[in-house]
Amino acid sequence: MTDKIKIAFAVLALALGIGAFYYFDTQLAIVRVLMVLGGFAVAIAIGYPTDMGRSLWEFLKAARVELRKVVWPTNKETMQMTLVVFTMVVLVALFLWIVDWSLRKIVFALVGTGA
């Protein structure tokens with residue numbers, strides 16, 4: 001039960017930080033950003049000791065480990081795949097234009113009007 005109360009206070013602290021950002025719209029931008037970051041820091045300080053906070057932290061650590069395993073494409077591979085996608089978009093657009101034009105001609109021939 002206390003964990004749920006702590007999570008509620010953590011969410012409230014974050015909401016207050018975001019609310020302060022919009023409420024104090026005449027302040028300098030850096031001050032407003034610090035309000036949000038302060039609310040976020042308080043939310044973390046309140047929420048981390050809970051079971052949900054610890055499990056979230058473990059999930060984020062595991063996600064970081066998995067992210068390091070990702071094999072990112074090289075610049076050359078990225079450019080090649082971009083070219084392939086662009087070419088396919090153009091080919092599909094041409095195909096659809098031809099189908100549309102053909103169907104239009106067929107319908108006009110059947111109906112007997114020409115445009």
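In this text, all values refer to a predicted model and were calculated from it rather than measured experimentally.
The shortest non-hydrogen separation linking Gln27 to Arg32 is O-CD, 3.6 Å. What you find for Val42 and Ala13 is that their closest heavy atoms are CG1-CB, 3.7 Å. The shortest heavy-atom contact between Pro49 and Ile46 is CD-O, 3.4 Å. Nearest heavy-atom pair across Met52 and Ser55 is O-OG, 2.9 Å. For the pair Ala10 and Gly47, the tightest heavy-atom approach, listed with the atom from each and the gap, is CB-N, 4.1 Å.
Taking CG of Leu14 as the start and CZ of Phe9 as the end, the distance is 15.0 Å to the nearest 0.5 Å. Atoms CD1 and CG, on Ile5 and Leu12 in that order, are 13.0 Å from each other to the nearest 0.5 Å. With values rounded to the nearest 0.5 angstrom, Leu67 atom CG is found 11.5 Å from Leu60 atom CG. Distance check, rounded to the nearest 0.5 Å: CH2 of Trp97 to CZ of Arg104 gives 11.0 Å. To the nearest 0.5 Å, atom CZ of residue Phe59 and atom CD of residue Glu66 are 10.0 Å apart. Separation of atoms CG (Asn75) and CD (Gln80) is listed at 10.0 Å; rounding is to 0.5 Å.
When side chains are defined from C-beta on, Leu91 does not count as touching Phe95, because their heavy atoms never get closer than 4.5 Å. Looking at heavy atoms from C-beta onward, Arg54 lies out of side-chain contact with Glu58 at the 4.5 angstrom threshold. Annotation: side chain of Val33 is not in contact with side chain of Val36 (no heavy-atom distance under 4.5 Å).
Hydrophobic clustering of Ile, Leu, Val, Met, Phe, Trp and Tyr side chains at less than 4.5 Å, counting indirect connections, keeps Phe40 apart from Val11. Tyr22 and Leu37 fall within a single hydrophobic cluster, where Ile, Leu, Val, Met, Phe, Trp and Tyr side chains are chained together by heavy-atom contacts under 4.5 Å. Val92 and Val99 fall within the same hydrophobic cluster, defined by Ile, Leu, Val, Met, Phe, Trp and Tyr side-chain heavy atoms under 4.5 Å apart, directly or through other members. Placement of Leu16 and Phe24 in two distinct hydrophobic clusters is found when ILVMFWY residues are connected by side-chain heavy-atom separations under 4.5 Å, directly or transitively. With hydrophobic clusters built from ILVMFWY side chains whose heavy atoms lie under 4.5 angstrom apart, Ile30 shares a cluster with Met35.
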